[in-house]
Structure formats: structure tokens, C-alpha cells
Amino acid sequence: MYFGLSDEQLMIQNSFRGSLERNVTLDSIRRISTGDEPFDGALWQELSGLGMTALLIPEQYGGAALGLIEAVVVAEELGKSAAPVPFVGTAVVAPLAIMLMADETQKSEWLPRLADGSVRIGVAISELASGARRGSGLTEENGTLTGTASFVIDAAGADAFVVADRQQGFHLVGADSPGLEIIHSPTIDGTRPIAELKFQNVQASGLPQTTSDKIDRVLNAGRIILAAESFGAGQEMLRQAVAYAKDRKQFDRAIGSFQAVKHMCAEMAAELQPCQALIWYAAYAFDVMSDDAELSGLLAKSQMDDVGRFVARTATEVHGGMGYTDLMGLHFWFKRIGFNRATWGAPEKLRADAARLQGLG
Amino acid sequence: MDLTDRTEHLAFRQEVRQFLDKHKATAPEETAHSFRLSPRPYTDTVKAWQKLLVKNGYAGRTVPKAYGGYGAEPDILKNRIIADEFFAADIPQGLYSQGISMLVPTLLEHGTEEQKKTWIGPTIRGDVMWCQGYSEPNSGSDLASLQTSAIEDGDDFLINGSKIWTSSAHITPMIFCLVRTEPDASKYQGISYLIFPMDTPGIDVRPLQTMTGHPSFNEVFFTDVRVPKNAVVGGRGNGWKVANSTLKHERGMLSNANGSLERLNKISTLLKKEMLDGRPLWENKNLTDRFVSLQARVQAMRFHEMRLLTRTKDGKAPGLGDMICKLLGCELNHQLDALAIDALGEIGVLYDGIPSAKEDGIWQQWYMYDLGLIIGGGTAQIQKNIIAERGLDMPREPRHQKGS
Ligand SMILES: Cc1cc2nc3c(=O)[nH]c(=O)nc-3n(C[C@H](O)[C@H](O)[C@H](O)COP(=O)(O)OP(=O)(O)OC[C@H]3O[C@@H](n4cnc5c(N)ncnc54)[C@H](O)[C@@H]3O)c2cc1C
């Protein structure tokens with residue numbers, strides 16, 4: 001047994017960590033989060049150059065043919081740095097959906113360009129992943145789509161969208177398709193370009209190999225990646241809290257010397273650490289097509305979401321009033337964790353799904 | 001125990017209903033709540049409504065008539081009837097704020113006759129807003145270590161120093177402020193509590209962005225700010241005592257169980273209205289279990305508060321019962337927000353919410369704001385220290401007593 005990263009995976013980790021440390025600053029996050037630019041284009045180029053967009057794609061389409069575990073390693077680093085770039089939609093869910101469910105023409109049209117980062121694909125699977133909400137839902141008729149897809153991930157500047165309809169069909173839709181309206185919706189996390197898509201008889205190219213097993217697999221991958229990102233963000237919040245507690249003085253001593261503060265930090269560390277192993281296992285199970293891949297993904301995200309909420313809140317508390325300001329920027333990680341928790345299945349839903357999967361309840 | 005509506009209370013309930021029926025057309029849309037999240041001057045509609053409430057005894061109810069209040073005897077049941085009926089009619093109750101809820105009771109306790117006559121009336125009517133200048137960059141939890149100095153100069157003090165996290169200072173015309181007037185006295189003896197206008201020359205206010213994206217608090221810098229000596233509340237060098245009176249009222253405001261009830265009721269509406277996969281969230285067992293468990297805590301806090309009011313009326317000293325309110329109340333509100341967020345799922349992440357759902361979309365902001373209140377007004381950890389050391393008489397941390 002070897003439960004750890006390989007040398008190659010460590011190299012990937014190091015190269016992304018190094019690049020993100022050099023390129024992502026509080027200022028750059030703040031610029032994206034409050035400005036008109038939906039994401040950091042230069043950073044996107046840089047990370048694509050490192051292979052961020054090619055990770056999962058097969059070699060014949062110009063990809064690196066790596067597993068989800070490698071994508072998890074990258075997601076942890078992106079979460080740690082709160083990098084304002086699209087990843088989970090365009091570099092994980094979209095390519096996987098195409099790899100698993102598209103025909104050869106669709107694959108050769110999109111995968112090579114996804115791999116080299118020359119196109120981005122937004123992902124409209126919210127209703128499928130989280131349940132149908134008021135006013136949303138798409139219906140397909142004779143190859144055209146009508147309705148609304150809300151909470152579309154990685155939407156800004158996307159060249160196309162992977163879209164799920166109400167009948168569990170998957171489609172590819174060009175962003176400039178006639179009848180498609182893209183409405184950007186600001187969320188609490190200003191580093192995530194989310195949109196609502198309105199379809200009026202929009203021509204769509206169906207993914208012919210779609211089955212419910214494959215849909216589950218795609219969703220599972222997306223959720224594991226969100227969990228990995230929250231883990232990275234949680235680690236960073238813990239790191240900042242510990243550093244602040246050593247530095248900040250009240251009552252003539254470092255606040256970190258108060259047992260109350262020490263315990264907050266210790267609890268964060270204790271809750272966080274095992275999540276990483278849980279997430280790594282889920283990715284491994286996904287990669288080796290283990291029977292418990294789906295269950296592991298559901299457990300990983302629901303657990304990370306809860307621990308993430310605890311860490312986000314506690315790390316903020318350790319910072320006192322400073323944690324509540326924009327000055328420290330701590331809230332960027334706080335919001336990313338909150339965003340990931342709600343995205344593609346909040347813990348309550350995931351746990352219910354996990355119970356059903358095991359024939360419970 | 002006797003909690004029934006007696007004849008007097010039955011009549012009072014009718015009176016409140018009639019008042020609301022008659023005046024609901026003039027009620028503002030905005031609540032005190034929304035002004036707290038993003039501080040701005042009260043609108044004319046809000047002020048007019050507040051004045052009407054004060055006049056009829058639905059706000060500033062127990063403030064003496066001489067100072068512009070309604071002068072009623074404290075009556076827990078009547079307070080509850082007011083809260084219930086306003087809520088049932090979905091009409092905003094009276095304003096609460098640092099001026100109305102914290103300074104006014106402090107002035108009633110410690111102010112001079114002139115201070116009470118000058119400031120209480122305009123404050124409870126919403127005409128004058130206040131900010132609280134307590135925290136400094138190096139004095140948060142250890143508030144008594146504050147360094148902003150006020151040096152005697154003829155009939156005035158000259159103030160130098162700075163405050164931080166001063167909520168609403170960018171819009172309030174007045175401040176109540178802690179300064180060190182006796183530099184040689186011990187940590188707790190040298191502090192005075194001053195009230196003065198924010199347009200006094202030498203005050204520089206710099207808004208600080210918060211995590212919610214609303215600039216609700218500020219840094220405030222004082223350079224040779226001249227304030228007359230009669231601006232002291234409760235006597236020179238007596239500021240720590242006066243400050244603690246305000247802090248007590250602050251904790252009361254932050255942990256107000258009626259506020260929790262309001263959140264709970266909103267969540268109940270939300271769970272009934274919001275649909276997931278064609279069924280109301282109200283049918284989702286996980287959510288309803290959490291809802292009912294929080295409902296029990298809200299009820300416990302409401303009745304606990306009523307019990308505390310009875311104790312105070314009976315002249316009993318506040319004890320452990322009071323000390324736990326801020327910790328529990330703020331935590332409860334945060335958990336209520338968390339439930340709403342989880343119920344809304346992805347659409348709850350949208351920044352300004354979903355227009356069709358009116359206020360539902362701002363739960364994420366409340367979730368952050370209420371976390372801020374777990375920190376503000378004395379952090380949760382400081383509350384626990386107080387409960388353990390003063391409430392349970394446990395040994396103090398060794399170096400904690402330094403300077404006291
Ligand atoms: C939303 C908001 C509004 C505010 N509004 C105002 C305002 O209007 N006016 C004003 O004057 N101030 C205001 N404040 C400031 C607030 O009172 C302080 O933030 C608070 O008292 C904590 O102080 P601090 O931020 O310096 O944190 P610190 O005191 O530095 O605390 C940092 C961490 O150390 C812990 N800690 C410190 N001492 C101890 C100890 N002895 N034992 C155990 N743990 C300890 C704290 O619990 C916290 O987790 C506001 C704060 C917030 C968040």
C-alpha cells in the first residue's frame with residue numbers, strides 16, 4: 001500500500017504551486033473580484049501552459065491523459081491561492097462529458113482546443129446536480145433547446161456550453177448560437193464567472209453516448225474537484241489564522257497563547273487533515289473505476305463542505321475584527337468555500353443521495 | 001408563572017392591531033435590519049414612521065416623557081404583543097441602532113440632565129445617529145488598554161489618537177467615544193466617556209470595506225480635536241463603568257431573541273415557498289429537522305429573555321443568565337442564516353439574490369454579517385471567558401489581570 005502522491009504528482013503540485021505563488025496576489029484577486037474582467041486572462045494563459053487544461057484529455061487529442069487525482073492536486077493549489085481562473089467546468093467537467101458521451105466528430109472538434117486552452121466551455125448542469133429550482137429547466141425538441149439554465153459555471157468568455165436538459169440529455173451549444181442569451185449573475189464569490197442562459201429554440205448538438213451512469217461519473221468528478229478546491233482554501237485559511245495568532249497581541253501576549261485560540265486552530269487542523277485523504281481516495285476510486293467511486297465522491301464533498309464551513313468561520317473568528325474587513329482578503333477564501341458548498345449539491349442533498357445509493361432511507 | 005393575556009393585555013393587543021390597520025399604508029419598506037447591513041441615513045419615510053411609533057408607545061416605550069419617550073412602565077407581555085402583532089402584519093418595528101439601543105439607556109443611567117434632555121429625544125426619533133468609538137488598532141478584546149488621549153486644555157479636552165471598526169462613522173453626526181483622560185491612573189481608572197459631533201475639526205473618517213461588500217465600518221483619526229469638558233458622560237475617569245453599561249446594552253441588542261424569531265419566521269416562509277424538484281422544501285426532512293431544532297432554541301431564548309426581564313424587575317442582580325445571551329443569541333442567528341443558505345442552494349449564492357424572492361437572496365450577506373457580530377461587541381471567546389470567570393467563578397487566566 002502506498003497512500004501518497006507519486007514523484008510525478010509532486011512535480012505537478014510544485015509547478016502549479018510555484019506559478020500560483022508568483023502570479024496570484026491579493027491585489028490580483030481583488031482586481032478580478034471587483035472589476036469588469038471576469039477572470040485573470042494572463043494567469044489562465046500561464047496555467048494552460050503548465051497543462052491545467054490538458055490534464056484529463058487523452059493524448060490523441062493533445063491532452064496529458066492524467067487521472068482525476070492529478071486534477072485534485074491542481075485544484076488544491078488553485079483553492080489555496082484563490083486563483084481567479086475557471087477550472088472545474090472547463091478543465092474537468094466539460095472535457096469529461098465530451099470524452100465520455102460525445103461522438104468522434106464532436107471529440108475532435110473540441111478536445112484538442114480545450115487541451116491547449118484555446119477554447120473554454122461553460123457547464124450548465126445545475127438542475128441535474130442540485131435539483132430543479134423555480135424558473136429553470138430546459139426542454140429539448142427536435143435538436144433545439146428552450147428554457148433557462150441557471151447557475152452556469154465558467155460562463156464568462158466561454159466559446160460553448162455543455163448543457164443538460166430535463167430529460168437527462170446532454171448537448172453542446174455554441175455561445176454565439178441564435179436564440180441564446182447569456183446573462184451574467186454576480187455571486188458572493190467575485191472570482192467565479194456565473195451566468196444564467198436563456199434558450200429560445202437554440203440549435204444544440206446532442207452528445208449521443210449519454211447514459212445515466214456516465215452522467216453520474218461526470219457529476220462525481222465535478223464534486224470531487226470542488227471538494228479539493230475547498231480543502232486547499234481551508235488549508236490556506238488555517239495557515240493565515242495560525243500566523244495571525246502568533247503575531248497579534250492582546251492583554252500583552254500573543255493571542256495564540258490563549259488556550260481558546262489554540263483550540264480553535266487545533267480543531268481546524270484536526271478536522272481538515274483527514275478530508276484530504278478522503279478526497280484523494282475518492283479521486284483514486286474514480287480513476288480505477290472502483291465500485292465505491294460514487295459513494296466516495298458524495299462523502300468527500302459533503303464532509304469537506306461541512307468542515308469547510310467550520311474552518312471558514314473559525315479562521316475568520318481568530319482574526320477578530322480584522323477577519324471581517326476586506327483588508328486581509330481572508331473573505332475571498334471564505335466565499336470560495338461557501339460557493340463550493342452550494343454548488344452541484346449541498347451536503348444535505350449529497351448525504352441523501354449517498355443514503356439512497358446504499359439502499360437506505 | 002402567569003403568561004395569559006389578561007383583560008388589559010387583550011385590550012392592548014386590540015389597540016396594536018387597530019394602530020397597524022390604520023397606519024400600515026405609511027409604514028416604510030425598509031427595516032432596521034436593512035439599515036444595519038448597509039448603513040445610510042434614515043429616509044424621511046423611516047423617520048416619520050419612527051416618530052409615529054414613539055408617539056404611540058411602540059418605540060422608546062419606557063423612555064420617560066420628559067426626554068421624548070412614551071414613559072410606560074416596563075411590561076414584558078406588552079413588548080411581546082407589539083413584536084408579535086408587527087410581525088404578523090409584516091410591518092417594520094421600531095429602529096434599533098447604536099444610538100437608540102446602546103447610548104440612550106446609557107444616558108438614562110449615567111447622563112446629566114442636560115445630556116438627557118438634549119440627546120435622547122432626537123436619537124429615539126431617528127433624527128440623530130451615533131457611532132461607537134471604542135476599539136483601537138491595538139485594543140480590541142483588551143479594550144481597556146485603549147490609548148486615544150484627551151488632554152485637558154482650559155475648558156476643553158484635546159483628543160489625539162485613532163479608532164477602528166467604528167460602525168457607521170461615515171454617516172453619523174455624533175460619536176460616543178472612549179478616551180484616556182488620566183494617563184497616570186491605572187488601566188481601568190484613566191478612561192472617560194465623551195460624546196461629541198463628528199464634524200468637530202480634526203476628525204478624519206476613512207471607510208473600511210468589509211467582507212460583505214458593504215462599507216459599514218471605518219477608521220477614525222483624531223488630531224487635536226477640541227471637545228468641551230461637559231461632553232463627559234458619567235464623570236471624568238469613570239468611563240470604564242459607563243462603557244460597560246453601553247456594552248451590556250450592546251450585547252442585549254445583538255442577542256435580541258425577537259430578531260432571531262424574525263429570521264426563523266422568514267425561513268419558514270422560505271421553506272414553504274421555495275420548491276426543489278417540484279416539491280416545497282418544507283417537505284424535506286433534513287431541512288425541517290434543522291428548522292425545528294433551531295425553533296426550539298429560538299423559543300428557549302425568547303422565554304429566557306422574558307425570565308431575565310422578570311428577574312430585573314424584581315431587583316435581582318444580573319448573573320450567569322445575562323452573560324450567556326450574547327454568545328448564544330449571535331450563534332443562533334448565524335445558524336439560522338446558515339439554514340437559509342443551505343435551503344436556497346445555488347441560487348442563494350447569487351450576490352444580490354433573486355429579484356423575485358425579495359429579501360431571500362441576501363441571506364449570504366446576513367450569514368457574513370452575523371459572523372461579524374459573533375466577533376463584534378466582545379468575541380465569542382471573550383464571552384466564554386466572562387461566563388466562566390464571572391458567571392461560574394472559575395480562576396482567571398494568570399496574566400489576564402495585569403493592570404487591573
Ligand atoms: C461587524 C463589526 C462591527 C464592529 N463595530 C464596532 C463599533 O462600532 N465600534 C467599536 O468600537 N468597535 C467595533 N467593532 C470592533 C469589535 O468590538 C472588536 O473587533 C472585538 O472586540 C474584537 O477585537 P479585535 O478585533 O481587536 O480582535 P482581537 O482582540 O485581536 O482578537 C482576535 C482573536 O483573539 C481572541 N482573543 C483575544 N483575547 C482573548 C482572550 N483573553 N482569551 C481568549 N481569546 C482571546 C479573540 O476571541 C479573537 O478570536 C466591530 C467589529 C465587527 C466585527
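A note on names: the letters A, B, ... follow the listed sequences, proteins ahead of strands, and every chain is numbered from 1. Since the structure is predicted, the reported quantities are computational estimates derived from the model, not experimental observations.
- When B:Met368, B:Glu346, B:Gln209 are compared by the number of non-hydrogen pairs under 4.5 Å with chain A, B:Glu346 comes out ahead.
- Taking non-hydrogen atoms and a 4.5 Å limit, the residue list of residues 308-327 of chain A in contact with chain B, ordered by number, reads A:Arg309, A:Arg313, A:Thr316, A:Glu317, A:Gly320, A:Gly321, A:Met322, A:Gly323, A:Tyr324, A:Thr325, A:Asp326, A:Leu327.
- Heavy atoms only, all atoms of each residue included: A:Phe334 and B:Leu371 are closest at CE1-CD2, 3.5 Å.
- Neither the backbone nor the side chain of A:Lys349 comes within less than 4.5 Å of any heavy atom of chain B.
- Taking NZ from A:Lys335 and CE from B:Met211, the interatomic distance works out to 6.0 Å, rounded to the nearest 0.5 Å.
- Contacts of B:Leu281 with chain A are made by side-chain atoms alone, with heavy-atom separations under 4.5 Å and no backbone atom involved.
- The residues B:Glu274 and A:Arg133 are annotated as salt-bridged, a charged nitrogen and a carboxylate oxygen being separated by less than 4.0 angstrom.
- Of the listed residues (A:Ser130, A:Pro347, A:Ala346), the greatest number of heavy-atom pairs within a distance under 4.5 Å of chain B belongs to A:Ser130.
- Using a 4.5 Å cut-off between heavy atoms, A:Arg341 touches chain B through its side chain atoms alone.
- For A:Arg248, the part lying under 4.5 angstrom from a heavy atom of chain B is the side chain only.
- Per-residue heavy-atom pair counts under 4.5 Å with chain A were compared for B:Ala338, B:Pro215, B:Gly278, B:Ser216, and the maximum is reached by B:Ala338.
- Dense packing is recorded around NZ of A:Lys262, with more than 12 heavy atoms of other residues, nucleotides or ligands lying under 6.0 Å away.
- Taken to the nearest 0.5 Å, the NE2 atom of A:His331 stands 9.5 Å off from the OG1 atom of B:Thr212.
- Proximity to chain A (any heavy atom under 4.5 Å) is shown, for B:Ala144, by neither the backbone nor the side chain.
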Would B:Val349 and A:Phe151 satisfy side-chain contact (heavy atoms from CB on, under 4.5 Å), going step by step from the backbone distance to the final call?
-> CA-CA 9 Å; B:Val349 181; A:Phe151 213 75; 4.1 Å; yes

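- With a threshold of 4.5 angstrom between heavy atoms, B:Tyr367 approaches chain A through side-chain atoms but not through N, CA, C or O.
- More than 12 heavy atoms of other shown residues, nucleotides or ligands fall within 6.0 angstrom of atom CZ in B:Arg40.
- Residue B:Asn284 does not touch chain A at all, counting heavy-atom pairs closer than 4.5 Å.
- Of the two parts of A:Phe332, neither the backbone nor the side chain holds a non-hydrogen atom closer than 4.5 Å to a non-hydrogen atom of chain B.
- Here the closest non-hydrogen pair linking A:Ser185 and B:Leu350 is CB-CD2, 3.8 Å.
- Only the backbone of B:Pro137 comes within contact range of chain A, with heavy atoms under 4.5 Å apart.
- Per-residue heavy-atom pair counts under 4.5 Å with chain A were compared for B:Thr379, B:Ile341, B:Leu276, and the maximum is reached by B:Leu276.
- Heavy atoms closer than 4.5 Å to chain A are found nowhere in B:Ala388, neither backbone nor side chain.
- In terms of heavy-atom pairs under 4.5 Å with chain A, the best-connected choice from B:Leu208, B:Ile164, B:Leu287, B:Asn138 is B:Asn138.
- Looking only at atom types and distance, the side chain of B:Ser141 has no donor-acceptor partner in the side chain of A:Gln250 under 3.5 Å away.
- Residues meeting the side chain to side chain contact (heavy atoms under 4.5 Å, CB included) test with A:Gln259, sequence neighbours left out: A:His263.
- Per-residue heavy-atom pair counts under 4.5 Å with chain A were compared for B:Asp142, B:Thr210, B:Ile375, and the maximum is reached by B:Asp142.
- When all heavy atoms are compared, the tightest approach of B:Gln381 to A:Ala260 is CG-CB, 3.9 Å.
- Using a 4.5 Å cut-off between heavy atoms, B:Ser135 makes no contact with chain A at all.
- Distance check, rounded to the nearest 0.5 Å: CZ of A:Phe339 to CD of B:Gln364 gives 10.5 Å.
- Between chain B and the options A:Ala352, A:Ser126, A:Gly190, A:Ala129, the largest number of non-hydrogen pairs under 4.5 Å is found for A:Ser126.
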